Amino acid sequence: MEKIPIICDGIYYVGVNDRDTHLFENIWPLPKGVSYNSYLIVDEKTALVDTVKVSKMRDYLEKITRTLDGKPLDYLIVNHMEPDHSGALSAIVHAYPGVKVVGNKKTMEFIREMYHLQAEFYEVDEGDEILLGKHRLKFFMTPMVHWPETMMTYETTEKILFAGDAFGGFGTLDGGIFDDEVDVAYFEHEIRRYYSNIVGKFGPMVQKALQKLAALEVRMVCPTHGPVWRTRPQHIISAYDRWSRYEYEEGVVIAYGSMYGNTEKMADFIARVLSEQGIRSVRVMNTSAVHESFIINEIWRFKGVMLGSCTYNNWIFPPMENLIINLAHKGLPNRVFGVFGSYGWSGGGVRGIVDYLKKNNWTLVGEPVEVRFSAKKEDLEKLRKLALEIAAAVKAT
Ligand code: FEO
């Protein structure tokens with residue numbers, strides 16, 4: 001039987017991997033699954049921090065039972081109520097009838113409404129503490145990161161932050177639990193995809209939460225997804241700070257929608273010009289083939305965005321429109337963008353993109369280029385001019 005990983009003295013990792021779910025929240029692809037992290041503190045009193053999705057309960061309960069080794073479970077800390085973490089809540093309450101369910105006022109409201117659960121509730125608010133013995137838990141309210149009831153739990157002895165969804169991302173933990181045991185580059189990419197698509201809309205609230213936590217000494221970050229940050233907790237905290245400030249790096253995402261390859265050719269032409277201008281990070285992405293969450297992840301990272309669409313029913317090509325609608329939901333400000341595309345007998349794709357993105361508080365660079373069927377020499381000159389202007393805007397400080 002697999003050994004229960006130890007986070008530090010008296011704190012155990014009892015999370016599970018999910019390789020069965022293909023879409024997180026039934027929207028976001030999970031090419032390498034996802035972990036639901038849960039932590040068990042065994043002291044004079046015991047506390048379980050967050051639970052897991054209901055489908056993974058059998059293994060989860062076994063790990064808890066084995067770790068408790070006959071001790072009762074005294075507290076169940078609910079940092080976040082989304083069902084990937086609260087799904088096993090009812091089962092835990094039934095398995096350990098004496099357990100006190102710890103959360104804030106909103107948590108209690110959500111538990112009653114979501115699970116119609118009769119349990120002993122222990123309501124906490126900002127700065128409240130629970131002493132377990134050697135370990136002491138202190139609670140920080142972090143609303144809208146990314147639900148209204150979200151809070152974080154800080155273990156004051158070992159200085160561990162149980163952060164809920166914050167600092168976590170997609171990808172199962174395949175043996176490694178800690179940042180020094182896994183492919184951190186992969187996880188960072190997937191943490192930003194989680195952030196940009198799920199939490200990113202709430203940047204100002206993330207900033208508030210980070211300011212609140214700034215006074216704490218954090219020795220380890222234990223999120224509810226992805227690796228535990230034990231060697232470089234500040235690394236992921238700083239990344240969250242940058243992302244929630246909407247900071248960007250030099251680079252351009254060229255997202256396109258193309259039925260027969262004409263708009264795609266324009267995308268490749270622009271990419272080459274950008275490269276000639278010394279832009280090293282250029283991402284050409286096909287909206288028909290790549291899920292928008294991956295494109296939004298790159299757009300969150302880079303300053304420049306080029307959007308290209310063929311015309312479909314006098315309007316934007318549907319996969320491209322889907323990307324734009326999703327982008328508008330995120331409220332990402334602060335990007336420079338250019339538009340290009342093609343049409344056969346009536347335009348509309350390019351105009352549609354410009355209309356949408358004006359509302360996003362983005363800066364339109366140059367003149368949009370729309371060509372009939374396929375780009376001719378004079379069209380390519382216009383496209384070159386537009387690409388040069390984007391390159392200059394991206395490099396400008
Ligand atoms: Fe991991 Fe908001 O759930």
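Order of appearance sets the numbers: ligands from 1, and atoms from 1 within every ligand. For clarity, every value in this text was computed on a predicted model and none was experimentally measured.
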> Can you count the protein N, O or S atoms that lie less than 2.8 Å from atom 2 (Fe) of ligand 1?
Replying inline: 4
> Would the Tyr194 and His189 ring centres measure less than 6.0 Å apart?
Replying inline: no
Side-chain donor-acceptor contacts of residues 5-15 below 3.5 Å, not counting sequence neighbours, with atom names and distances?
from, atom 1, to, atom 2, distance (Å)
Asp9, OD2, Lys134, NZ, 2.6
Tyr13, OH, Asn37, OD1, 2.7

List the atom pairs, with distances to 0.1 Å, where a side-chain N or O of residues 382-397 and a protein N or O form a donor-acceptor pair under 3.5 Å, not counting sequence neighbours.
from, atom 1, to, atom 2, distance (Å)
Lys395, NZ, Gln277, O, 2.3

> Does Lys56 make a cation-pi contact with Tyr36 (under 6.0 Å, within 45 degrees of the axis)?
Replying inline: no
>> With ring-ring contact (aromatic ring centres under 6.0 Å, His included) as the rule and sequence neighbours excluded, what pairs involving residues 368-397 come up?
In response: none
> If you look at every heavy atom in Lys105 and Glu123, which pair is closest and at what distance?
Replying inline: CB-OE2, 3.6 Å
